[in-house]
K.L.:
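A single structure is presented below for examination.
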Amino acid sequence: MQTAMETTNGHDKKDKKEKKEKKEKKEKKEKTEAAETGDAAQKEKKDKAEGKQKKEKKDKKDKKEKKDKKDKANKEPKEKKDKKDKKEKKERKEKRKLRKEQKLKQLADQRKKAHKIGLKGTKMLASKKRKAPAQSQPELKVLMKTEDDYEPVNRWWEREDGAESGKRGAKKWDTFEHHGLLFAPDYEPHRVPLIYDGERVELPPEAEEIAYYWTSVRGTPYETKDIFIKNFWKTFKEVLPKGSKIKDFKKCDFSLMADYREAERQKRLNRTKEEKEAEKAKNAKETEWFSYAIVNGVREKLGNYKLEPPQLFRGRGEHPKQGLLKKRTFPESVTLNIGETACVPKVVGMPGHAWRDVVHENTVQWIANFEDGLLTEAKYVSFAATSGLKGQPDMLKYDRAKRLVRIIGSIRTSYEKMWTSRNVADRQKATATYFIDKLALRVGGEKDTEEEADTVGCCSLRVEHLKLTPPHTVHLDFLGKDSIRYTNSVEVAKQVFDNVQGFIKGKKQEDQVFDKISPADLNEYFKNFMEDLSAKVFRTYNASYTLQDELNKFDVSKRLHKHKTHLGNSETMDTKEANKTVSLGTSKVNYMDPRLGRLGEYRQEFVMTAGARHRANQGPPLQIRSEEVLGLYPSPLNYMGFPKSVCVSANEVICHGIPDSRPLQEGDIVNLDVSVCHEGFHADLNETYFIGQCDEECDTRTCDAAQHPQSVSHHLVRSTYDALKASVALIRPGTLYRQLGGVIEAEAVKRGCSVVTAFCGHGVGRLFHGPPDIPHFKKNKTVGLMKPGHIFTVEPMLNLGKSRERLWPDGWTAATRDGRRSAQFEHTFLVTEDGVEVLTARVGTDRSSMPDYDPAAFQR
DNA sequence: AGGAAGACTTGGAAAAATCTTA
DNA sequence: TAAGATTTTTCCAAGTCTTCCT
């Protein structure tokens, strides 16, 4: 689906960027080439040496690790902090042990029960005796999920009150605990000198630090910006020792330091895969403690819990403070927000420091705020975008946009009436609303140009930003948010043109066009139509509308993940630009309903057909059968309104067929999908069977007759089984869930079949359908890494013809569009320490892998 | 009323991760 | 398997909008 990448539309910014990049690349190449020719001999030596060393390293590594461990153990903890950490670790370990033991007990009890009943639930099967019974102590090896194994999901959207608590000022929590913030690491001096007027000058650490920050902008436009240089020089001079001979910026040569920075960067880039992974793991270990909060007992991921390191401020555009030092944040400028009953977290890594304040505000979504190291404003530490606390207001935002769609007509009628008002303010209000509605301009609050860059939005537009061409064309040219230039020529309503002409009449270039109104006035006007309507909702509405429009051009039920969404430039809303393929940056994603893009939990819903989605929206809420439902129960019965206990899908039916009274006929193939809930845990299984002699004629286009002489149906069923089997071979700790799809599709393609993309495998346990989603096609974007204890299904559906499906009017049955046959196999799998256990394997078969395909097993 | 403070969203740049290609 | 391309994540600047204060 890759469309032409760059169309004829010259996009200035992009072009420039590209040129720049090309230049840079060239330069880089030249540099590296030069370096290579010069040091070729040395490099070769190095490489050879490295090759030798690698082997040695591997051998040594183990030894070293052991040594390190020993050393660590021997070293007496120098600081109290270490002691505390160790204590805490010990405590946590012990707690975990306790928890495990308790779970073990529970499990053992459950198993006893299960034996009595003579049935095993999926979870019980998790504890299969994998170890040889020869061991002296028949120690039960239990694989189970712990908190660390997977991300708990706050399924707030399934609660009755939904996103209610996402409203501004609403209560967000009853209990709330977190571990505080991670302070930026100290600056480590490197003693690389500055060259001043041709002479090497070693700087004291404070000065070296500022100079080193300067090198971080090398290669960026800041390097040559007057304001940035001026401010940097001011900052730098202040930290130079008295009597320093450094007097003139132009005589300063920072290249040694810059080279050092680059070398360090290269060092990082050139780390081996193992080194990178090790460091990542180490970092994760260090930061994990800080990265979660517990909100009402649910673990929620935090966003920016790492405090900003000191650096030269990189204000955008002509920001007057760019180049000044943004100072380090100390605990004394941090206010924590935490539950009354929670422990106040210790200040870590800043001995002798203390929090400025601790508050217990349960109507706000921040966990801490701190003073910016340069600007006068406060900054907030809050939750990650995937958290419920961010998701709820997000949901409300899209609801607002949806409601705006309903009333936009009346708003337009209103302002079209008001733009002829005698009252200038009203006329301005109406005209400004027109621009916000039609062009999705930002509302444009007033700014202090002494402190910030001079940028504008709708209300702050000045005469100099507009040009009028009769009869009714308005040319806009101004710097918007982030000093990004907005240029657009639009034909506007005649009245709007006349109004604007009237507003700017007799005004100076630097005067405001809409001088009689402010953003507050506009928002007040919007409140007449909808209580929570404000100017920015128009942008959400506008962008969502455009996105939907673009999405309508695709068959959405197909591979969402593969598509790059086509979007217009959200700044200009220029539809001609819409033919460009762009990746979804944060900017565009921000305008998308999370059901489309962000929350993994929604993804499956989106991949489902329109009918299924409709049902999901209309139908009863997901039924969670928990431990209080004992015994055995058919999972599908009443699940989201499914009327029967088993899915029966014959011939062209892909899945979710509702059993009825029609008799099966000789030559049919039929899939039976059986799912049970036992003591609160679900298991899922299906197989495709041959009814009598399946001798449908072979289709030579899709069928290799030599390999499978029987019939097309046999070929299809065999292929489906083999696709599942091939993917199962991958199941083991460390495999990415998304890898399975690639194997399945490859197998299908090899056999001339297509893979159904609208339905996927899923996590299973207490929930019939839980995370993760497991698509059966390649290049899918499902998240997650298999770990021991994970339980899920893989259930590829293969079609003889095309992969597209059609939903029957019953709202459930999915059949192939072309009427050709479809087959499916499904099992429930457990990831064990060293591989897989097929939880739904046939009695008496080996559970550690799928048996080879045997058509006799499916002959009826 | 209107300006400042406070709180929260939006969005660009760059780094990191991942995929593709030769 | 390295280089290059593309996507995702991280970081933090810069908006909007509500509430508070005088």
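Lettering of chains follows the sequences in order, A, B, ..., and the numbering in each one begins at 1.
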K.L.:
Taking OP1 and OP2 of C:dG15, is either one under 4.0 Å from a side-chain nitrogen or oxygen of A:T455?
P.N.:
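Affirmative; the distance criterion is met.
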
K.L.:
Identify, between A:K280 and A:G169, the residue whose nearest nucleotide on DNA chain B lies closer to the 5' end.
P.N.:
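The 5'-side residue here is A:G169.
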
K.L.:
Determine whether the aromatic ring centres of residues A:F538 and A:F526 are separated by less than 6.0 angstrom.
P.N.:
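Ring centres of A:F538 and A:F526 closer than 6.0 Å.
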
K.L.:
Counting any heavy atom closer than 4.0 Å, what does A:P393 reach on the DNA or RNA strands: base, sugar-phosphate only, or nothing?
P.N.:
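Sugar-phosphate, no base atom in range.
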
K.L.:
If you only use heavy atoms from C-beta on, which nucleotide in B:dA7, B:dT9, B:dT20 is closest to the side chain of A:K779?
P.N.:
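Out of B:dA7, B:dT9, B:dT20, the nucleotide with an atom closest to A:K779's side chain is B:dT20.
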
K.L.:
How would you label the contact of A:K527 with the nucleic acid (heavy atoms, under 4.0 Å): base, sugar-phosphate, or nothing?
P.N.:
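Touches sugar-phosphate only.
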
K.L.:
Given atom NZ of A:K306 and atom P of C:dT10, what is their separation to the nearest angstrom?
P.N.:
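It is 8 Å, rounded to the nearest whole Å.
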
K.L.:
Over 60° means perpendicular and under 30° means parallel, so tell me whether A:F435 and A:F514 are parallel, tilted or perpendicular.
P.N.:
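Ring orientation, 0 to 90° scale: perpendicular.
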
K.L.:
Would a distance-only check, ignoring hydrogens and angles, find a side-chain to backbone donor-acceptor pair under 3.5 Å from A:E745 to A:K778?
P.N.:
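Checking the backbone N and O of A:K778 against the side chain of A:E745, a donor-acceptor pair under 3.5 Å is found.
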
K.L.:
What does A:K326 touch in the nucleic acid at a heavy-atom separation under 4.0 angstrom: a base, only the sugar-phosphate, or nothing?
P.N.:
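The answer is sugar-phosphate, as A:K326 gets under 4.0 Å only of primed atoms, P, OP1 or OP2.
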
K.L.:
Quick one: which of B:dA7, C:dC17, C:dA14 gets closest to the side chain of A:V443?
P.N.:
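Selected nucleotide: C:dC17.
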
K.L.:
Would you mind classifying the nucleic acid contact of A:E361 as base, sugar-phosphate or nothing, using non-hydrogen atoms under 4.0 angstrom?
P.N.:
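Contact class for A:E361: none.
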
K.L.:
Name the pairs: protein N/O against N/O of nucleotides 19-22 of chain C, kept only if under 3.5 Å.
P.N.:
none

K.L.:
Mind checking whether A:H178 and A:F176 have parallel, tilted or perpendicular rings, split at 30° and 60°?
P.N.:
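Tilted.
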
K.L.:
Thinking salt bridges, do A:K282 and A:E279 make one under a 4.0 Å N-O criterion?
P.N.:
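Between A:E279 and A:K282 there is no salt bridge, as every charged N stays at least 4.0 Å from the carboxylate O atoms.
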
K.L.:
Tell me, yes or no, whether the heavy-atom count around A:Q266 atom CD, taken from other residues, nucleotides or ligands under 6.0 Å, exceeds 12.
P.N.:
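Check passes, neighbour count above 12.
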
K.L.:
Of the options C:dC17, C:dC12, B:dT10, whose atoms approach the side-chain atoms of A:A535 most closely?
P.N.:
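Out of C:dC17, C:dC12, B:dT10, the nucleotide with an atom closest to A:A535's side chain is C:dC17.
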
K.L.:
Taking for each residue the nucleotide of DNA chain B bearing the nearest heavy atom, is the 5' side occupied by A:K172 or by A:K276?
P.N.:
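So the residue in question is A:K172.
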
K.L.:
For C:dT16, take OP1 and OP2 only and decide whether either is under 4.0 Å from a side-chain N or O of A:R539.
P.N.:
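Answer no for this pair, as no side-chain N or O of A:R539 is under 4.0 Å from OP1 or OP2.
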
K.L.:
Using only modelled atom types and a 3.5 angstrom limit, is any donor from either the side chain of A:K481 or the base of B:dT10 paired with an acceptor on the other?
P.N.:
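Indeed, a donor on one side and an acceptor on the other fall under 3.5 Å apart.
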
K.L.:
Please give, in whole Å, the distance from B:dA15 C1' to A:E262 CD?
P.N.:
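So the two atoms are 13 Å apart, to the nearest Å.
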
K.L.:
If you only use heavy atoms from C-beta on, which nucleotide in C:dG15, C:dC17, B:dA7 is closest to the side chain of A:N369?
P.N.:
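For A:N369, the side-chain atoms sit closest to B:dA7.
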
K.L.:
With the side chain of A:N523 defined as its heavy atoms from C-beta on, choose the nearest nucleotide among C:dA13, C:dC17, B:dT9.
P.N.:
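Of all the options, the side chain of A:N523 is nearest to C:dC17.
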
K.L.:
Expressed as a whole number of angstroms, how long is the span from A:R314:CZ to C:dC12:P?
P.N.:
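Result: 10 Å.
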
K.L.:
Expressed as a whole number of angstroms, how long is the span from A:F228:CZ to B:dA13:C1'?
P.N.:
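The answer, rounded to whole Å, is 14 Å.
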
K.L.:
A:R261 has an atom CZ; how far is it from atom C1' of B:dA15, in whole Å?
P.N.:
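About 13 Å, once rounded to whole Å.
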
K.L.:
Whole Å only: how far is the OH atom of A:Y380 from the C1' atom of C:dC17?
P.N.:
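Distance, rounded to whole Å: 13 Å.
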
K.L.:
Distances under 3.5 Å only, N/O to N/O: pair up the protein atoms with those of nucleotides 3-5 of chain B.
P.N.:
none

K.L.:
Considering just the side-chain nitrogens and oxygens of A:Q311, establish if one lies under 4.0 Å of OP1 or OP2 belonging to C:dC12.
P.N.:
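Result: yes.
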
K.L.:
Is A:E377 touching bases, backbone alone, or none of the nucleic acid, heavy atoms closer than 4.0 Å?
P.N.:
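The answer is nothing, as A:E377 stays clear of every strand by at least 4.0 Å.
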
K.L.:
What contact category does A:K321 fall into here, base, sugar-phosphate, or nothing, at under 4.0 angstrom with non-hydrogen atoms?
P.N.:
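Contact class for A:K321: none.
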
K.L.:
For A:Q365 and B:dT10, what is the distance between atoms CD and P respectively, to the nearest whole Å?
P.N.:
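After rounding, the reported distance stands at 11 Å.
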
K.L.:
Looking only at side-chain N and O atoms, does A:Q428 offer a donor or acceptor that is under 3.5 Å from a partner on A:D521?
P.N.:
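Side-chain D/A pair, A:D521 to A:Q428: absent.
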
K.L.:
Using whole Å, what does the distance between atom P of nucleotide B:dT9 and atom CE of A:M395 come to?
P.N.:
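Checked: the CE to P distance equals 15 Å.
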
K.L.:
Of A:N304 and A:S483, whose closest DNA chain C nucleotide lies nearer the 5' terminus?
P.N.:
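Comparing both residues, the 5'-ward one is A:N304.
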
K.L.:
Nearest to the A:R738 side chain among B:dT18, B:dC8, C:dC17, which nucleotide is it?
P.N.:
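Of all the options, the side chain of A:R738 is nearest to B:dT18.
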
K.L.:
Can you tell me if the side-chain N/O atoms of A:K379 get under 4.0 Å from OP1 or OP2 in C:dA13?
P.N.:
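For A:K379, the contact criterion (side-chain N or O under 4.0 Å from OP1 or OP2 of C:dA13) is met.
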
K.L.:
Take atom NZ of A:K167 as the centre, draw a 6.0 Å sphere, and report whether it contains more than 12 heavy atoms from other residues, nucleotides or ligands.
P.N.:
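Not buried by this count: 12 neighbours or fewer within 6.0 Å.
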
K.L.:
Within a 6.0 Å radius of atom CD on A:E446, are there more than 12 heavy atoms belonging to other residues, nucleotides or ligands?
P.N.:
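At most 12 heavy atoms, drawn from other residues, nucleotides or ligands, come within 6.0 Å of this atom.
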
K.L.:
Below 30° counts as parallel, above 60° as perpendicular, anything between as tilted: where do the rings of A:Y187 and A:Y213 land?
P.N.:
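Correct class here is perpendicular.
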
K.L.:
Per the side-chain hydrogen bond (donor to acceptor under 3.5 Å, both in side chains) rule, which among A:R261, A:E223, A:E262 passes with A:T215?
P.N.:
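Running side-chain hydrogen bond (donor to acceptor under 3.5 Å, both in side chains) over A:R261, A:E223, A:E262 with A:T215 returns exactly one hit, A:R261.
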
K.L.:
Can the ring centroids of A:H465 and A:Y486 be said to lie less than 6.0 angstrom from one another?
P.N.:
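They do not qualify: ring centres at least 6.0 Å apart.
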
K.L.:
Considering every strand and a 4.0 Å limit on heavy-atom distances, what is the contact class for A:G303: base, sugar-phosphate, or nothing?
P.N.:
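The answer is nothing, as A:G303 stays clear of every strand by at least 4.0 Å.
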
K.L.:
Base, sugar-phosphate, or nothing for A:S518, non-hydrogen atoms under 4.0 angstrom?
P.N.:
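Nothing, no heavy atom under 4.0 Å.
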
K.L.:
Quick one: label A:G315 by what it contacts on the DNA or RNA (base, sugar-phosphate, nothing), any heavy atom closer than 4.0 Å.
P.N.:
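Sugar-phosphate, no base atom in range.
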
K.L.:
Consider only side-chain N and O atoms of A:S165 and A:Q392, and report whether a donor and an acceptor are under 3.5 Å apart.
P.N.:
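Looking only at side-chain atoms, A:Q392 and A:S165 do form a donor-acceptor pair, the distance falling under 3.5 Å.
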
K.L.:
Taking only side-chain nitrogens and oxygens of A:H319, does any of them come within less than 4.0 Å of OP1 or OP2 of C:dA14?
P.N.:
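So the side chain of A:H319 is within the cut-off, an N or O lying under 4.0 Å from OP1 or OP2 of C:dA14.
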
K.L.:
So does A:S534 get a side-chain nitrogen or oxygen closer than 4.0 Å to the phosphate oxygens (OP1/OP2) of C:dC17?
P.N.:
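Answer is yes, contact under 4.0 Å.
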
K.L.:
Which part of the nucleic acid, if any, lies within reach of A:A453 when heavy atoms closer than 4.0 Å are counted: base, sugar-phosphate only, or nothing?
P.N.:
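The answer is nothing, as A:A453 stays clear of every strand by at least 4.0 Å.
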
K.L.:
Of the nucleotides B:dT10, B:dG6, C:dA13, which one has an atom closest to the side chain of A:E308?
P.N.:
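Comparing B:dT10, B:dG6, C:dA13 against the side chain of A:E308, the answer is C:dA13.
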
